[in-house]
Structures are given as C-alpha cells and as structure tokens.
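I have placed the structure first, in the form of structure tokens, so that the comments after it can refer back to it.
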Amino acid sequence: MWPAVTEGQSNATRLAAEARDRVRFEEEALALADQVYRVARHLAGSRDEAEDLVQETYARAFRSWRSFTPGTNLRAWLLRILTNINIDRGRRKQRAPDMQPLEEGDYFLYNKLEESAGDGTVEEERVVERLSQDDIVDALAAVPHDFRDVIVLVDIGDFTYQDAAQILDIPVATVMPRLHRGRRILKRELAESAIGEPQ
C-alpha cells in the first residue's frame, strides 16, 4: 500500500513539477535565441537596438511563461512578443509612416541604376556588389515599422500570411497590402543605397 500523501508533500510535488516545466520552457526558448535575434536585427535600426529588443522579449517571455501553451509554436509565440515590443517602441517614438507616393513601380532599382549607368546596361551582379549587408539592414530600418514587421515575418522569417497576421494581431487581409507597400518602400531605399544618392 502507498503511504498517504500529506498536503506538504503534494505542494512540494507540484512546485517541483512547475520548476521542471519552467526549466524546460527556458531551455526551449533560449534554443531559439539566434532566430529571434535575426528577426530583431531586421526590425531594429542597429545591433544595439536588436539586442535590446531580444533582451526585452526574453524578459517578458520568462515573466509570462505560464501563458505559453505547451505543444504550440514557441517560435511564433516569442516572435509575437518581439513584434509587439517593437510596435510599442515605434508608437512611443511616434514615427509616422512615410506617406509620399511611390510612382516608380516594381523596377525602381533597375531603372535608377540604368539612369546612372548612362549606357543603358544593368547587371544584377553590379547591383548586389554595391549593396553591403549593412546597406540592406539600413534600407530595411528606413521602412516604417508597420510595413517592416510584415516584410521581416513573411520574406525573412518565412511565415505564411496567416501566421504573420496572428503574430502581429492584424487581419490576414491587412498583411498583403502592407507587404506590397513595404516591399516598394524597401526597393526605393535599396536603389538609393546602390546608386549612392543621399536619402
């Protein structure tokens, strides 16, 4: 026969189980730190800002670890926290989206390079050569955060529109227009970096 379990023993068992669950959660969350940082680096304007975003994301995640449902997508849960923090920061800075019209179309980068080349030839390798990783990160940082968040999740994070909508807590129908507009703004910024125009 099993010995009777006292109230003190059941509390100790519960606390031990909760401690094991928390350690498991923290280990699984920290294993995703590189992926979370990569997304943060694209959302933030600098490495320092990205590190701050990641640190704040993990602090918030560890404080509210009980609200995570085991068996669901931990990466998406962490990235939702990250993007919410980034949105809150953007609102605090009161950055208004750039509302100037984009008339250049989808081939803006190539058109601008063609103009600067003078001879009408455009080589894709030359475009890539002229853009460093920092140029790309800077161009992405210049995209207003509402649009940038969607680009980072869909184009860089390989999330579906539905996943991105869930992470950003917006309707799926909002994802496509934001993605389209964000890509156009990004193309303009990349073109200006590639041909060395002041921004």
Closest heavy-atom pair and its distance - [X], [Y]:
{"X": "Ala40", "Y": "Val54", "value": "CB-CG2, 3.6 Å"}
{"X": "Tyr161", "Y": "Val154", "value": "CE2-CG1, 3.7 Å"}
{"X": "Gly157", "Y": "Arg75", "value": "O-NH2, 3.1 Å"}
{"X": "Ala44", "Y": "Ala50", "value": "CB-N, 3.5 Å"}
{"X": "Asp149", "Y": "Asn86", "value": "OD1-ND2, 3.2 Å"}
{"X": "Arg41", "Y": "Ser46", "value": "NH1-C, 3.3 Å"}

Side chains of [X] and [Y]: closer than 4.5 Å at any heavy-atom pair?
{"X": "Val175", "Y": "Ile170", "value": "yes"}
{"X": "Ile151", "Y": "Arg178", "value": "no"}
{"X": "Val39", "Y": "Leu82", "value": "yes"}
{"X": "Trp77", "Y": "Thr72", "value": "no"}
{"X": "Ile87", "Y": "His145", "value": "yes"}

Hey, could you give me the [atom1]/[atom2] distance between [X] and [Y], rounded to the nearest 0.5 Å?
{"X": "Ile167", "Y": "Asn84", "atom1": "CD1", "atom2": "CG", "value": "10.0 Å"}
{"X": "Ile185", "Y": "Arg148", "atom1": "CD1", "atom2": "CZ", "value": "10.5 Å"}
{"X": "Gln55", "Y": "Ile85", "atom1": "CD", "atom2": "CD1", "value": "10.5 Å"}
{"X": "Arg38", "Y": "Leu79", "atom1": "CZ", "atom2": "CG", "value": "10.5 Å"}
{"X": "Ile81", "Y": "Ser67", "atom1": "CD1", "atom2": "OG", "value": "6.5 Å"}
{"X": "Asp146", "Y": "Leu168", "atom1": "CG", "atom2": "CG", "value": "8.5 Å"}

> What residues, two or more places apart in sequence or in another chain, satisfy ring-ring contact (aromatic ring centres under 6.0 Å, His included) together with Phe62?
Replying inline: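 Per chain and number, Phe62 pairs via ring-ring contact (aromatic ring centres under 6.0 Å, His included) with Tyr58.
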>> Walk me through whether Val152 and Thr83 qualify under side chain to side chain contact (heavy atoms under 4.5 Å, CB included).
In response: CA-CA 10 Å; Val152 168; Thr83 54; over 6 Å; no
>> Whether the side chain of Thr57 engages the backbone of Leu53 through a donor-acceptor N/O pair (distance < 3.5 Å, no angle test) should be reported.
In response: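 At least one qualifying donor-acceptor pair exists.
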Ion pair check, [X] and [Y], cut-off under 4.0 Å:
{"X": "Glu56", "Y": "Arg89", "value": "yes"}
{"X": "Glu18", "Y": "Arg66", "value": "yes"}
{"X": "Asp155", "Y": "Arg183", "value": "yes"}

> Going through the checks in order, is the side chain to side chain contact (heavy atoms under 4.5 Å, CB included) test met by Arg47 and Tyr37?
Replying inline: CA-CA 9 Å; Arg47 286 184 175 89; Tyr37 176 78; 3.7 Å; yes
Show every donor-acceptor pair shorter than 3.5 Å between a side-chain atom in residues 23-34 and any protein atom, with sequence neighbours excluded, or say none if there are none.
| from | atom 1 | to | atom 2 | distance (Å) |
| --- | --- | --- | --- | --- |
| Arg24 | NH1 | Asp21 | OD1 | 3.1 |
| Glu26 | OE2 | Arg22 | NE | 2.7 |
| Glu26 | OE2 | Arg22 | NH2 | 3.3 |

> Does any donor atom in the side chain of Gln166 or Arg80 lie under 3.5 Å from an acceptor atom in the other side chain?
Replying inline: no
